[in-house]
Q: 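Below you'll find the structure I mean.
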Amino acid sequence: MLLAVNIGNTNMRFAVFQDQKETITWTINSKPYRTEDELFAKFSSMYRPFGIDGSEITDIVIGSVVPALTISVQNALMKIHGFEPMIVDRNTPSPVKHSSNQMGTDLYANAIAAHGGSYKGKKIVIDFGTALTFLGIDEQGQVGGVVIAPGINTALKSLVGETAQLPEIELIRPQSVLGMNTEACMQSGMVYGYLSMIEGMIDRINQEVGEKCFVISTGGLGGVYAPLTNKIDTDDRLHTIKGLKLLYEMNR
Ligand SMILES: Nc1ncnc2c1ncn2[C@@H]1O[C@H](COP(=O)(O)OP(=O)(O)O)[C@@H](O)[C@H]1O
Ligand SMILES: CC(C)(COP(=O)(O)O)[C@@H](O)C(=O)NCCC(=O)O
Ligand SMILES: [K+]
């Protein structure tokens, strides 16, 4: 069985792909950064609650955008499983082409899963992570480019942290765009405000590439925003990790 690990700035997402059976997935906070020993202790007890027999894991792939965690996670998993997990990044070979020497591994994996999936034509992948990213890729697997904006929770935390009178809110759609109490006003800004950015960006990208792209979303808040707009065609929380799996299979 293959274990894939996507290390993001907020969460490390784990997924175990089993033949015939449903993929099992869970997350562990990335912060605070832990030592290799702490990770080893934490990871040692993480399989049982999910009904996984750790000894059945024969392959491990890791993708990371947090350099401080990459090697510690690799070493902790190596100690548990007795073999070296493969670390993939933007330079790991695949049919996806790009000219960036900075692209985060999650963005590269998003491109690979979009290209390797059953979607037709040009694609946009929106990743609702710590950052909110948009990636455009054409039918030949050429990455057209990326947009990086503050993630929704990141923006909200900053807004609450920098103001004396604004409270924490739940990210749900308010009744109307114009609100009459602080909570509803903030919910409008966060939900309708970000939806407007997302819909506007999709339109702008479509215009720039001269085609109505197929739009895939992923990341922590994808499941909250995708149902609120018909411009996102599908939400798949495993999209990035499926890209890591494809990268592993192409390079093992
Ligand atoms: N199931 C969820 N429901 C609501 N918010 C979530 C959920 N999972 C993650 N989030 C929030 O979404 C944001 C991005 O999450 P995630 O995609 O895990 O980020 P990253 O890939 O950067 O680690 C975080 O701010 C997190 O608090
Ligand atoms: C843009 C990101 C911060 C997104 O990270 P995430 O929100 O998934 O934690 C990450 O992909 C990154 O650090 N990229 C490096 C810069 C680049 O892609 O150009
Ligand atoms: K940073």
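Numbering of ligands and ligand atoms starts at 1, following listing order. Just so it is clear, the structure is predicted and the values come from calculations on it, not from any experiment. These values consider heavy atoms only, across backbone and side chains, with no hydrogens, waters or symmetry-generated copies.
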Q: Is there a donor-acceptor pair closer than 3.5 Å between any side-chain N or O of His81 and the backbone N or O of Ala76?
A: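 Checking the backbone N and O of Ala76 against the side chain of His81, no donor-acceptor pair under 3.5 Å is found.
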Q: Are Lys123 and Asp138 within salt-bridge range, i.e. N to O under 4.0 Å?
A: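 Not counted as a salt bridge, because no side-chain N and carboxylate O are separated by less than 4.0 Å.
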Q: Do Glu199 and Lys231 meet the salt-bridge criterion of a basic N to acidic O distance under 4.0 Å?
A: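 Answer for the salt bridge query: no.
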Q: Going by heavy atoms in the side chains, are Val160 and Met186 under 4.5 Å from each other?
A: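 Result yes, sub-4.5 Å side-chain heavy-atom pair found.
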Q: Test side chain to side chain contact (heavy atoms under 4.5 Å, CB included) on Arg237 and Thr25 and set out the steps.
A: CA-CA 10 Å; Arg237 68 181 173 155; Thr25 183; 3.6 Å; yes
Q: Which option, Thr10, Asn11, Val65, Thr133, owns the non-hydrogen atom nearest atom 13 (O) of ligand 2?
A: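 It is Val65 that holds the nearest heavy atom.
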Q: Is a donor from one side chain sitting under 3.5 angstrom from an acceptor on the other, for Asp127 and Thr218?
A: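 The criterion, which ignores hydrogens and geometry beyond distance, is not satisfied for Thr218 and Asp127.
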Q: Hey, is ligand 2 close enough to Gly104 that some N/O pair sits below 3.5 Å?
A: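 By distance alone, the answer is yes.
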Q: Test ring pair (Phe, Tyr, Trp, His ring centres under 6.0 Å) on Phe50 and Phe14 and set out the steps.
A: CA-CA 11 Å; Phe50 296 100; Phe14 292 77; 9.1 Å; no
Q: Counting only heavy atoms, tell me which of Gly104, Gly8, Gly129, Gly222 gets closest to atom 19 (O) of ligand 1.
A: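 Going through Gly104, Gly8, Gly129, Gly222 one by one, Gly129 has the nearest heavy atom to atom 19 (O) of ligand 1.
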Q: Between Ser158 (side chain) and Thr154 (backbone), is there a donor-acceptor pair under 3.5 Å?
A: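 Checking the backbone N and O of Thr154 against the side chain of Ser158, no donor-acceptor pair under 3.5 Å is found.
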Q: If you measure from each heavy atom of Asn9 to ligand 1, is any distance below 4.0 Å?
A: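 Flag set, Asn9 near ligand 1.
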Q: Hey, which atoms in ligand 1 end up nearer than 4.0 Å to a heavy atom of Phe128?
A: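 Within the 4.0 Å cut-off of Phe128, ligand 1 contributes 14 (C), 17 (O).
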Q: If we ignore hydrogens and angles and just use 3.5 Å, is the side chain of Tyr192 paired with the main-chain N or O of Pro174 as donor and acceptor?
A: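 Side chain of Tyr192 to backbone of Pro174, a donor-acceptor pair under 3.5 Å: yes, one is there.
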Q: Can you tell which of Gly220, Gly151, Ala131, Ala155 gets a heavy atom nearest to atom 16 (P) of ligand 1?
A: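 Heavy atom nearest to atom 16 (P) of ligand 1 belongs to Gly220.
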Q: Closest by any non-hydrogen atom to atom 18 (O) of ligand 1: pick that one out of Thr130, Asn6, Asn11, Thr10.
A: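 Among Thr130, Asn6, Asn11, Thr10, the closest heavy atom to atom 18 (O) of ligand 1 belongs to Asn11.
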Q: With a 4.0 Å heavy-atom cut-off (strictly under), which part of Thr130 contacts ligand 2: side chain, backbone, both or neither?
A: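 Near ligand 2, Thr130 shows its backbone as well as its side chain.
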Q: Among all the protein's non-hydrogen atoms, which is closest to atom 27 (O) of ligand 1, and how far away is it?
A: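 The answer is Asn153 ND2, 2.8 Å.
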Q: I need the atoms of ligand 2 closer than 4.0 Å to a non-hydrogen atom of Gly129, numbered in the order shown.
A: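 Once the distances to Gly129 are compared, the set is 7 (O).
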Q: Quick test: of every protein heavy atom, which one is nearest to atom 9 (O) of ligand 2, and how far off is it to 0.1 Å?
A: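 Here the closest protein heavy atom is Asn9 ND2, 2.8 Å.
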Q: So do the side chains of His98 and Val146 get within less than 4.5 Å of each other, counting heavy atoms only?
A: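 They are not in contact (no side-chain heavy atoms under 4.5 Å apart), so the answer is no.
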Q: Could you pull out, from Ala131, Gly220, Ser100, Gly151, the option with a heavy atom nearest to atom 7 (O) of ligand 2?
A: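 Nearest heavy atom to atom 7 (O) of ligand 2 lies in Ala131.
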Q: Would Asp127 count as a contact of ligand 2 if the rule is a heavy atom under 4.0 Å away?
A: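 Asp127 does not count as a contact of ligand 2 under the 4.0 Å cut-off.
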Q: Out of all atoms in ligand 2, which are within 4.0 Å of some heavy atom of Leu107? Include the element for each.
A: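 With Leu107 as reference, the close atoms of ligand 2 come out as 11 (O), 18 (O).
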Q: Please could you name the atoms of ligand 1 that Gly219 approaches to less than 4.0 Å, counting only its heavy atoms?
A: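 Selected atoms, number and element: 17 (O).
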Q: Looking at Glu38 and Lys42, is any side-chain nitrogen of the basic one under 4.0 Å from a carboxylate oxygen of the acidic one?
A: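 Salt bridge: no.
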Q: May I ask you to identify the nearest protein heavy atom to atom 4 (C) of ligand 2, giving residue, atom name and distance to one decimal place in Å?
A: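 Nearest protein contact, heavy atoms only, for atom 4 (C) of ligand 2 is Asp106 OD2, 3.6 Å.
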Q: Starting from atom 12 (O) of ligand 1, find the nearest protein heavy-atom neighbour and note its residue, name and distance.
A: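 Protein heavy atom at minimum distance: Leu221 CG, 3.5 Å.
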Q: Who's the nearest protein heavy-atom neighbour of atom 19 (O) of ligand 2, and how far?
A: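 Nearest protein contact, heavy atoms only, for atom 19 (O) of ligand 2 is Gln102 O, 3.6 Å.
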